[in-house]
Amino acid sequence: MTYLAPRQGLFAIIILVSFCLQTLLLIISTDQQLTKSREQKGEQMVAQLIDEASLSLENKDRVSLSVIANRYTSEQDVARIVIKDSNDEILVPVGNAPMQQGDTIRQVATKGDAVIGSVALTLKDISKGEIIAMQWPFVIGSLIFHVFLWLLYGYVARPTKEQINALSRDIENLHREQYAQFSHVNHSRVHDVSDGEDSNDNVRSDNVGLTKDNAVRDRAATQAKTSKSTKINTAGIHDELNAYLRAQQAGGDASNTTNATQPDSSHEQTPNRQNEAQSSGSDNRTMYKNQTTSNNHAISGPQAINASGSDITNDKFTSRVSKLSTTRAFDTVSVQIMFHDEYNMLERLAPEMRLPYLALCTQLLNQAATELLKLPLLLGVSVINDPRFDESGATALLKADNSHAKVALAGVMLGKLYLMLNKIIHEKHIELSRFALPVKAGVSDDAQSQAMTQLLKSVARKEQMLILLPNAGLKQIGNHVQVHSLKRPTTVYERECAVFDGGNEAMIQRLATVRNAVLMTGNEEESLT
């Protein structure tokens, strides 16, 4: 029979602790090496970035600075780059990885003796998982080595036959000594107990005789008391039962039958009990009537209140249903244009550049609406507000002057026309290194304008148009436009919303003609000025 090595489980724990400490030291040393190399690389990148962006930083050209900084954020080790001017105001923040941020390298940009700004480059934190993935051959080899040591200890440290025999002899001798000591102690205790019992036998016999006499007397007294109490109690119980049964059998003549059969005391007691029962019964009946009438009054009150308030709840319910219903009537369409500004560049733009850009967008939208509504297909549709762009975008309201006007089609065409115009303007501005933003559009009826605003902020993508119209509006655009539903909707509005997917050839030609007309009018106005 083979035996395991002594304390083999403890040795396994020691081996495991050794493996963990070795892996920890490996991770710490590798982390320090990678940190030093990344810091050197980051300092070189910051110096190179300052050299490239010194001219743009001096002119505070945010567009060119963002383009230059985006090239550096494509590096695997860079998490964020922040460029500030001489007044410590942020010009361009590029990159956004808060869960991976590590060390930040800051350096001041100078031109001669003048400070023109500063650059802060944040490196990504080194992941411990990446280090283990890089050093996996060493980790697996170390694990195999420690397992081999444990198996080797279990084989080498097993006890031999001589050691097992010697151990068994020692255990046998120890058991014999313990048994001898235990038997000697028990023998001495038995002698002591027997001597004490012999000396106390006489005293115990006398006490037992006295206690027996006292116990017999106590039992006789208690039996006599219990017999008396049971006799009294049974007599009273039988009297009450007989009186109750006779009262039930005789009805109204119960008093006469009790006079003939019961003694005077019982004759006096039973009528009194019956009178008390009758009076208590009448009191209970009157109390029950009062309670039922009060409960009826209490119930009738809330019913009246509910009846009076039912009109209000019904009005609220019908208003909610009308807003969510696909058969709701409409005669006004809201066309919302919103900037696709992921980094909030428009807010950080200087006012002398932001205001002209917003004025250009407003002019484009007004000219697009004017030229579009000249089409014979959209007769009877007019613009009822003066749309103007601000940081949140612009909204144009179109109204149908008669029942035949296709106001829904006009809203969709206006949204698509502005997307086409803004794409041209955006590409041209980027070529000229000027500021411009892409947009996204949403078309809805007046009842769903707030819902469309939320959808544009949460769901819409760049240069995309969402449509949220009732069935009547979808019928107007059905012959001209193709749409598709949103994937994996999470709300009622997302389920009802549709995404513009394209138009037929006639519609695209009309929009191209209007687009060219808008751009030509803009060129004519610039030449006249």
Side-chain angles (χ1 to χ4, degrees), residues 323 326-339 361-362 364-389 392-423 439-456 459-460 463-486 493 496-504 506-508 510-515 517-518:
K323 287 183 179 181
T326 57
T327 59
R328 59 186 181 272
F330 75 101
D331 59 351
T332 305
V333 169
S334 173
V335 181
Q336 300 184 32
I337 310 295
M338 189 175 294
F339 293 110
C361 295
T362 303
L364 277 177
L365 181 58
N366 291 325
Q367 289 179 0
T370 302
E371 295 293 334
L372 182 66
L373 297 182
K374 293 179 181 179
L375 295 177
L377 181 63
L378 304 178
L379 289 177
V381 180
S382 59
V383 182
I384 61 174
N385 71 329
D386 186 14
R388 292 185 177 276
F389 272 88
S392 60
T395 302
L397 296 177
L398 305 181
K399 185 177 181 181
D401 298 333
N402 53 57
S403 59
H404 301 289
K406 297 181 180 180
V407 64
L409 181 60
V412 173
M413 292 180 69
L414 179 59
K416 181 59 179 176
L417 176 61
Y418 191 80
L419 290 177
M420 295 167 64
L421 291 169
N422 188 80
K423 186 176 182 180
V439 295
K440 47 192 174 181
V443 180
S444 66
D445 55 337
D446 196 13
Q448 302 292 354
S449 59
Q450 294 181 355
M452 178 53 70
T453 303
Q454 296 298 325
L455 289 174
L456 287 174
V459 178
E463 297 179 357
Q464 192 178 52
M465 182 167 61
L466 304 181
I467 301 172
L468 187 60
L469 294 172
N471 289 336
L474 295 177
K475 287 180 181 179
Q476 287 185 16
I477 66 175
N479 296 326
H480 305 275
V481 172
Q482 290 84 32
V483 296
H484 67 271
S485 301
L486 290 172
Y493 297 111
E496 291 184 358
C497 182
V499 181
F500 181 84
D501 201 10
N504 56 14
M507 177 182 169
I508 297 300
R510 291 190 183 96
L511 290 176
T513 304
V514 177
R515 178 196 62 190
V518 172

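Looking at Val383 and Leu398, their side chains come closer than 4.5 Å, going by heavy atoms from C-beta outward. Looking at heavy atoms from C-beta onward, Met413 lies out of side-chain contact with His480 at the 4.5 angstrom threshold. The shortest distance between side-chain heavy atoms of Asn366 and Pro387 falls below 4.5 Å. Residues Cys497 and Val459 have side chains not in contact (no heavy-atom distance under 4.5 Å, counting atoms from C-beta outward). A 4.5 Å side-chain heavy-atom check between Leu417 and Arg515 finds at least one atom pair inside the cut-off.
The minimum heavy-atom distance linking Ala405 with Val381 is given by the pair CB-CG2, 3.9 Å. In terms of heavy atoms, Glu371 sits closest to Ala517 at OE1-CB, 4.0 Å. Among all heavy-atom pairs drawn from Ser449 and Ser444, the shortest one is CA-OG, 3.7 Å. Taking every heavy atom of both residues into account, Ala451 and Leu468 meet most closely at CB-CD2, 4.2 Å. The shortest heavy-atom contact between Ala368 and Val518 is CA-CG2, 3.8 Å. Val443 and Met452 make their closest contact through O-CE, 3.6 Å (heavy atoms, listed as atom of the first residue, atom of the second, distance).
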For this session: For the pair Gln454 and Tyr493, evaluate side chain to side chain contact (heavy atoms under 4.5 Å, CB included) and give the outcome as yes or no after the intermediate values.
Result: CA-CA 10 Å; Gln454 296 298 325; Tyr493 297 111; over 6 Å; no
For this session: Go through Ile467 and Ile477 one step at a time and tell me if the side chain to side chain contact (heavy atoms under 4.5 Å, CB included) criterion holds.
Result: CA-CA 10 Å; Ile467 301 172; Ile477 66 175; 4.2 Å; yes
For this session: Evaluate the side chain to side chain contact (heavy atoms under 4.5 Å, CB included) criterion for residues Leu378 and Leu372: first the C-alpha distance (whole Å), next the side-chain angles of each, then the deciding distance (0.1 Å), finally the verdict.
Result: CA-CA 8 Å; Leu378 304 178; Leu372 182 66; 3.8 Å; yes
Exercise. Can you list the steps and then say if Ile337 with Thr395 is a side chain to side chain contact (heavy atoms under 4.5 Å, CB included)?
Worked result: CA-CA 6 Å; Ile337 310 295; Thr395 302; over 6 Å; no
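Atom CD of residue Gln482 and atom CZ of residue Phe500 lie 7.5 Å apart, to the nearest 0.5 angstrom. Residue Lys416 holds its NZ atom at 11.0 Å from CG of Leu421, rounded to the nearest 0.5 Å. Going from atom OG1 of Thr513 over to atom CG of Leu375 covers 8.5 Å, rounded to the nearest 0.5 Å. To the nearest 0.5 Å, atom CE of residue Met507 and atom CG of residue Leu409 are 6.0 Å apart. Here CG of Asp445 is found 10.0 Å from CG of Asp331. Values are rounded to the nearest 0.5 Å. Between atom CG of residue Leu414 and atom CG of residue Leu373 there is a gap of 7.5 Å, rounded to the nearest 0.5 Å.
Note on ring orientation: taking the six-membered ring where Trp is involved, the planes of Phe389 and Tyr418 are parallel (angle under 30°, cut-offs 30° and 60°).
With hydrogens and angles ignored, the 3.5 Å screen pairs a side-chain donor or acceptor of Asn385 with a backbone N or O of Leu397. Counting only distance, with no hydrogens or angles, the side chain of Asp446 and the backbone of Phe330 share no donor-acceptor pair below 3.5 Å. Judged purely by atom type and a 3.5 angstrom limit, Gln476 uses its side chain to pair as donor or acceptor with the backbone of Ala408.
Residue pairs satisfying the side-chain hydrogen bond (donor to acceptor under 3.5 Å, both in side chains) criterion with at least one member in residues 400-411, sequence neighbours excluded, are listed as follows: Ser382-Asp401.
With hydrogens and angles left out, the side-chain atoms of Gln336 and Thr453 include a donor and acceptor closer than 3.5 Å.
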